Structures are given as C-alpha cells and as structure tokens.
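Here is the structure we will look at, set down as structure tokens.
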Amino acid sequence: MAAPKVAVVGAGVIGLSTALCIVETCPSCSVTVLSDQFSPNTTSDVAAGMLIPHTYPGTPIHVQKQWFKETFAYLFAISNSAEASEAGIHLVSGWQVFKNTPKEELPFWSDVVLGFRPMSEAELRKFPQHRFGQAFTTLKADCPPYLLWLEKRLKATGAQMYTRKVADLWELHSEYNIVVNCTGIGAHQLVGDAKLLPVRGQVLKVHAPWVKNFIRDGDGLTYIYPGIHRVTLGGTREKESWSLSPDPGTTKNIFERCCSLEPSLRGAQDITVKVGLRPSRWCVRLEREVLSQGGVKLPVVHNYGHGSGGFSVHWGTAKEAARLVGECIAALQGSSSRAKL
Ligand code: FAD
C-alpha cells in the first residue's frame, strides 16, 4: 500500500496535537489538517491553558491520569527547553482554595503536578473567606502561541493545512484513506452527537504583570491564571448555551469575583473579553469507527469531547488517537495484501 493519506479535521489543540503525534509515530503517512477555523479563532484560543484536570465521569480515572501524566511530561520538557518562550509554555505556582474542606483532599492528579501540599496557616491568611487550600506548581500554555508553535512544527514535517468546512466525514472518502475527527463542539452537527453539548465560558484577559501566582476557587468557577504576557480571569460554566457574544454583566461579575480573591487586580488594565464553547461530554470520544457506503469503507478515529480539560490531557489523547490510526493502517495493509493474493 502507498503512503496512507490521513485527514485530521479540526485545528484546535486536539487536532493539531493529534496530527503532530500521527506524523511522529507514522512518518510514512501523509497528513493533512482540514479546518474551517485556525488560531486565533478556535475555542482552544480562548482557554486559559492551565494543566489542572477536569474529571470525565465516563472515563476510568486511571486512563485520565495517564493522559494527564503524558501531557504534563510533554509540556514539562518544552518548558525546560529553548522552545519554551515561543511555545508559550511555563511553570506556574499557586493555590487552590476552598470555603469548606473538600471531600477529596487528594485529587487523582496530586502526584503528577509538582510539590502538591496543604496550604500553611500563613498562606491561608491571604484568603480570609477560605478555610482550606492546596498549594502546587503546574504548567500553563499561553494558548494562541502554543497553537502557532504546533502549526509550525507540523508544517516543518511537510503536513498540509487547508481551510475547509467538512459537511459530512464521508465526503473525504475519495481523497483520504483515514479520517480523524477532532472537531470539538463542531462534532455535535458533523456527526450528530447529541451527547456532546456546549458549556459556555466567558473570560477576561488583563494586563496585571505583578500577579505571579495562580489562584483558583475550589469550585473551579473563579480563577486567576497568570500567563507570560496576560492574566486570565474567569469564569463561567453555562450549560447548553451556544452564545458567543460577551455579556457585559458577566464581565463585571467575573472582575468582582476575582478582585475579592486578589484585591490588587483593581489596578488591572487593558481588559479584553473572550467567549468559548467547551465541547462537553460524559467521556471523551476516543475510538475507531468504520463508515461504509456501497461496499466502500472509510476508517475514522474520533478524538473530541474534552470539555473543560482539553489542554490538560491533549498530548495523552493525541497519543492514543495516533495509536488507533496505526491500527487502521494495519487493517488497511492487511486487506490490501489479501486482495493481491
Ligand atoms: P476547538 O479548539 O474548538 O477546535 C475544533 C476545531 O475543529 C476548530 O478548528 C474548528 O474550526 C474545527 N471544526 C469544527 N467543525 C468543523 C467542520 N465541520 N469542518 C471543519 N472544521 C471544523 N482546558 C484546560 O485544560 N485548561 C484550561 O485552563 C481551560 N480553560 C478554558 C477556559 C475557557 C473559557 C474555555 C471555553 C475552555 C477552557 N478549556 C481549558 C477547555 C479547552 O479549551 C477545550 O477542552 C479544548 O480547547 C478543546 O479543543 P478542541 O481542539 O477539541 O476544540
């Protein structure tokens, strides 16, 4: 069989990392990324890019932990390299604070991040409304630079990228041997997945260079995540809202909530507002499917539905998707050699 042609649909963090992982694990493949939007116009561009996992109720914890571990190790290596600044990857230390002691004092990812420990009394004095807290160091991706860095690495391998809206995965069957579906919330329409729903998130990006530590309220709704150039203030989680328009009342509310955690933010300047739709699902859809019409078959690998935690697990899920692409190639090679006999 000639070099297998693989189309990856979607150019958010999941599509780009999956395409790169396929190129790295199968250098003989010809990989093309097709997407109706590229950075800076994807949901992934809006994200804060913090490596703090979200829990998927339908995915076994040991699998989620493996995805997170692989992602953490991948980005940690970038943060320790000369690429760190261009890729927008850096370590960040801070606190997760709770008004009441949480049921689970040791989250499943506590031994993957660095230096996880309960906060001291002295640290807790900074947060008079909170009674318990956890301190740790994790990684953060500044999302638009990271997406551009992934695109640059992909182009350097010879991968192609085209702007194209795919109306039906089957339309790709005559041009590609394998299709990988990384369309985020777009999969709701593209493959009619009614289990995939948007959870709208509004965030502010501000100039506040004195804020160096992250602060996250344990409920995950209010957070302050400092990046290399801007600080992300969040947020909201609005289930089944498809609106991409910023809401001014919500902007004010987010700002007030963040100032109550970090009063110095009253001096923040140059506030911009962003909205994104998290592709939320009971579990990430990471599986093979074979589409078939009139005896013609098209192997598909789905990799979407990462909800609130796409950055935290992207490299782990990309590795698994690339492994599934490898299985599709083996099956295609098996059927083409049987046909020759
Ligand atoms: P997307 O980035 O939406 O990419 C989907 C791609 O598919 C796009 O390029 C789109 O144009 C393309 N596409 C869709 N349909 C079609 C079609 N029919 N034809 C062609 N192309 C198509 N996660 C974390 O881990 N840490 C965080 O701190 C964090 N913060 C967040 C804050 C906010 C406010 C939001 C909204 C999300 C946050 N997330 C965070 C979650 C994270 O952003 C998502 O899990 C992740 O971006 C999903 O990536 P994706 O590539 O699947 O989707």
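Because only heavy atoms are used, hydrogens play no part in the values below, and waters and symmetry mates are left out as well, while side chains stay in. Counting starts at 1 for both ligands and their atoms, following the listed order. These numbers were taken from a predicted model, which means no experiment stands behind them.
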Those residues at least two apart in sequence (or on a different chain) that pass side chain to side chain donor-acceptor pair (under 3.5 Å) with Ser93 are Thr137

Quick check for students: name every N or O atom pair between ligand 1 and the protein closer than 3.5 Å, with distances.
{"from": "ligand 1", "atom 1": "2 (O)", "to": "Ser44", "atom 2": "N", "distance (Å)": "2.9"}
{"from": "ligand 1", "atom 1": "2 (O)", "to": "Ser44", "atom 2": "OG", "distance (Å)": "2.5"}
{"from": "ligand 1", "atom 1": "3 (O)", "to": "Thr43", "atom 2": "OG1", "distance (Å)": "3.0"}
{"from": "ligand 1", "atom 1": "9 (O)", "to": "Ala11", "atom 2": "N", "distance (Å)": "3.0"}
{"from": "ligand 1", "atom 1": "9 (O)", "to": "Ser35", "atom 2": "OG", "distance (Å)": "2.8"}
{"from": "ligand 1", "atom 1": "9 (O)", "to": "Gln37", "atom 2": "O", "distance (Å)": "2.8"}
{"from": "ligand 1", "atom 1": "11 (O)", "to": "Ser35", "atom 2": "OG", "distance (Å)": "3.4"}
{"from": "ligand 1", "atom 1": "11 (O)", "to": "Asp36", "atom 2": "OD1", "distance (Å)": "2.5"}
{"from": "ligand 1", "atom 1": "11 (O)", "to": "Gln37", "atom 2": "N", "distance (Å)": "3.1"}
{"from": "ligand 1", "atom 1": "13 (N)", "to": "Asp36", "atom 2": "OD1", "distance (Å)": "3.3"}
{"from": "ligand 1", "atom 1": "18 (N)", "to": "Val166", "atom 2": "O", "distance (Å)": "2.9"}
{"from": "ligand 1", "atom 1": "19 (N)", "to": "Val166", "atom 2": "N", "distance (Å)": "2.9"}
{"from": "ligand 1", "atom 1": "21 (N)", "to": "Asp36", "atom 2": "N", "distance (Å)": "3.1"}
{"from": "ligand 1", "atom 1": "21 (N)", "to": "Asp36", "atom 2": "OD1", "distance (Å)": "3.3"}
{"from": "ligand 1", "atom 1": "23 (N)", "to": "Ser308", "atom 2": "O", "distance (Å)": "3.0"}
{"from": "ligand 1", "atom 1": "25 (O)", "to": "Gly309", "atom 2": "O", "distance (Å)": "3.4"}
{"from": "ligand 1", "atom 1": "25 (O)", "to": "Phe311", "atom 2": "N", "distance (Å)": "3.0"}
{"from": "ligand 1", "atom 1": "25 (O)", "to": "Ser312", "atom 2": "N", "distance (Å)": "2.8"}
{"from": "ligand 1", "atom 1": "25 (O)", "to": "Ser312", "atom 2": "OG", "distance (Å)": "2.9"}
{"from": "ligand 1", "atom 1": "26 (N)", "to": "Met50", "atom 2": "O", "distance (Å)": "2.9"}
{"from": "ligand 1", "atom 1": "28 (O)", "to": "Gly49", "atom 2": "N", "distance (Å)": "3.2"}
{"from": "ligand 1", "atom 1": "28 (O)", "to": "Met50", "atom 2": "N", "distance (Å)": "2.9"}
{"from": "ligand 1", "atom 1": "30 (N)", "to": "Ala48", "atom 2": "N", "distance (Å)": "3.2"}
{"from": "ligand 1", "atom 1": "45 (O)", "to": "Gly307", "atom 2": "O", "distance (Å)": "2.7"}
{"from": "ligand 1", "atom 1": "45 (O)", "to": "Gly310", "atom 2": "N", "distance (Å)": "2.9"}
{"from": "ligand 1", "atom 1": "47 (O)", "to": "Ser44", "atom 2": "OG", "distance (Å)": "2.8"}
{"from": "ligand 1", "atom 1": "49 (O)", "to": "Ser44", "atom 2": "OG", "distance (Å)": "3.2"}
{"from": "ligand 1", "atom 1": "51 (O)", "to": "Val13", "atom 2": "N", "distance (Å)": "3.4"}
{"from": "ligand 1", "atom 1": "51 (O)", "to": "Ile14", "atom 2": "N", "distance (Å)": "3.1"}

Salt-bridge test for Arg281 and Asp193: reply yes if a basic N is under 4.0 Å from a carboxylate O, no otherwise. yes

Salt bridge check, Arg153 against Glu24: does any charged N sit closer than 4.0 Å to a carboxylate O? yes

Below 3.5 Å, can you tabulate the donor-acceptor pairs from side chains in residues 97-107 to any protein atom, sequence neighbours excluded?
none

According to side-chain contact (heavy atoms from CB on, under 4.5 Å), who are the partners of Cys143, at least two apart in sequence or on a separate chain? Ala47, Phe311

Exactly one of Ile215, Thr138, Ile52 should register a side-chain contact (heavy atoms from CB on, under 4.5 Å) with Tyr225. Which one does? Ile52

